[in-house]
Peer 1: 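Structure incoming, see below.
Predicted model, so just to flag it, every value in this text is computed and none were measured. By convention in this document, chain letters (A, B, ...) are assigned in the order of the sequence lines, proteins followed by strands, and residues within each chain are numbered from 1.
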Amino acid sequence: MPELPEVETIRRELAKEIVGKKLDGIKIIGVRRRAKILIIDLINGQSLLFHLKLTGQLLFNSQPGKYTRAVFCFNDGTNLIFNDKIKFGWWKKVKNVSQIEKQFGPEPLEDDFTSEKFQQMLARRKNAKIKPLLMDQKFIAGIGNIYSDEILFKAGIHPLRRVVSLKFNEIEQIFGAIKIVLKTAVKQRGSSIRDYLDIYGKKGDYGKFHQVYHRENQACPKCGEKIKRIKIGGRSAHFCPKCQKL
DNA sequence: CAATCGTCCTGCGGGC
DNA sequence: TGCCCGCAGGACGATT
């Protein structure tokens, strides 16, 4: 499921391929990402937005298939294919992209997302459960089910912990885990759970690094305990009951 | 006000 | 073997 590292991978690859080309005669001036949304900026001030949700794919210079929802043709004969098996994803053209961009929390890999800022953000959400909070796009941008599980495992924090119960040092641990897990996942070009592929149809390598996500009943890589899966607000959370105590 | 619930959609896995 | 049922899952709107 495309989260920050997957969308960022697509962004980087797509920027190399299409910036400077034209779509319906309008020059593409940039490819950006905000949270899990891919943004293609056009010279006329409009932007093309994509949200891949669970099963969306953006394939460069490919052929339409069974699940193709849209095809975008560039002036040089190349194209971009939007596939989406379960139709949760969407794309749209907007005039004021900044309006949409400001609906999200800070970008976790930006330098202005500091541990001081994170401590302040959490101070305002004392009663929240930490895992759903990390997945709240208005709180922090781009983190979904895979990476919230991996971040909390790395930090040694149980997904149901209330913010109020977190010690200063535990928040520092979570902060550090956010940075390193996401950075490493971007480096590995994301995780190919379900249908995720990059624009060349290649899978991401970060799945090999998953410690808990989709590893229910398997041994914890740290202590050997069986990884557990529980439901939190309708979503599944994976964790080690020994390394991540409530 | 903030947390939780239902909804969208469809492939897939489990059970018989 | 094949059918049927129910689950998964991001984000939004409604509800409590």
Side-chain angles (χ1 to χ4, degrees), chain A residues 1-11 33-39 49-59 64-70 81-92 94 97 99-108 120-152 158-166 178 181-182 185 190-197 203-204 206-207 210 212-218 227-239 246:
Chain A
M1 299 125 249
E3 302 179 24
L4 184 153
E6 290 77 25
V7 183
E8 180 61 22
T9 300
I10 290 171
R11 185 198 70 74
R33 178 191 58 76
R34 180 74 173 104
K36 301 174 192 171
I37 294 177
L38 186 86
I39 304 169
L49 306 191
F50 293 87
H51 198 309
L52 303 178
K53 294 284 182 93
L54 306 180
T55 59
Q57 300 174 331
L58 282 171
L59 300 177
K66 190 176 171 188
Y67 304 115
T68 298
R69 311 296 172 197
I81 305 248
F82 176 47
N83 292 334
D84 188 15
K85 204 180 268 177
I86 70 166
K87 297 182 180 171
F88 273 24
W90 51 259
W91 68 272
K92 60 182 172 183
V94 301
V97 67
Q99 194 75 16
I100 288 157
E101 285 182 86
K102 69 182 182 196
Q103 296 168 4
F104 298 104
E107 284 291 331
Q120 286 167 18
M121 286 161 60
L122 286 172
R124 282 182 266 122
R125 302 296 297 272
K126 287 197 187 303
N127 204 36
K129 296 174 188 124
I130 189 63
K131 158 134 173 138
L133 187 59
L134 289 179
M135 291 171 49
D136 180 351
Q137 302 302 300
K138 290 187 286 299
F139 179 74
I140 185 169
I143 299 173
N145 215 24
I146 299 173
Y147 295 104
S148 57
D149 277 355
E150 294 299 318
I151 286 163
L152 290 174
H158 192 291
L160 282 174
R161 284 282 298 278
R162 300 270 174 179
V163 169
V164 69
S165 78
L166 296 171
I178 289 172
V181 166
L182 293 179
S191 309
S192 281
I193 297 292
R194 273 186 102 151
D195 301 270
Y196 172 74
L197 297 172
K203 290 184 176 184
Y206 194 70
H210 290 177
V212 286
Y213 186 76
H214 262 211
R215 297 193 67 244
E216 187 186 10
N217 290 329
Q218 295 181 45
I227 302 295
K228 264 194 165 178
R229 186 172 81 150
I230 58 169
K231 284 274 180 188
I232 305 175
R235 305 275 162 264
S236 55
H238 311 77
F239 67 102
L246 192 59

Peer 1: Is the distance between the ring centroids of A/Tyr147 and A/Tyr206 less than 6.0 Å?
Peer 2: yes

Peer 1: Measure from CG on A/Asn83 to C1' on B/dG11 and round the result to the nearest Å.
Peer 2: 15 Å

Peer 1: Indicate whether OP1 or OP2 belonging to B/dC9 is found under 4.0 Å from a side-chain N or O atom of A/Tyr67.
Peer 2: no

Peer 1: Rounded to the nearest Å, what distance is computed from the CE atom of residue A/Met121 to the P atom of nucleotide B/dA2?
Peer 2: 15 Å

Peer 1: Specify the residue among A/Arg124 and A/Lys66 whose closest nucleotide of DNA chain B lies further upstream toward the 5′ end.
Peer 2: A/Arg124

Peer 1: When the distance from CG of A/Asp84 to P of B/dG11 is rounded to whole Å, what number comes out?
Peer 2: 11 Å

Peer 1: What one-letter contact string describes nucleotides 9-16 of chain C from 5' to 3', where B marks a base within less than 4.0 Å of any protein heavy atom, S marks contact via sugar-phosphate atoms alone, and - marks no contact?
Peer 2: BBB-----

Peer 1: For A/Val94, what residues pass the side chain to side chain contact (heavy atoms under 4.5 Å, CB included) criterion, not counting sequence neighbours?
Peer 2: A/Ser47, A/Leu49, A/Lys92, A/Val97, A/Ile100

Peer 1: Go through the steps for A/Lys66 and A/Asn83 under the test side-chain hydrogen bond (donor to acceptor under 3.5 Å, both in side chains), then give the verdict.
Peer 2: CA-CA 8 Å; A/Lys66 190 176 171 188; A/Asn83 292 334; over 6 Å; no

Peer 1: Considering residues at least two apart in sequence or located in another chain, which fulfil the side chain to side chain contact (heavy atoms under 4.5 Å, CB included) criterion with A/Lys129?
Peer 2: A/Pro132, A/Leu160, A/Arg162, A/Ile232

Peer 1: Can you see which heavy atom on A/His51 is nearest to which on A/Phe82, and at what distance?
Peer 2: O-CZ, 4.4 Å

Peer 1: Nearest whole Å is fine: how far is C/dA8 C1' from A/Ile232 CD1?
Peer 2: 16 Å

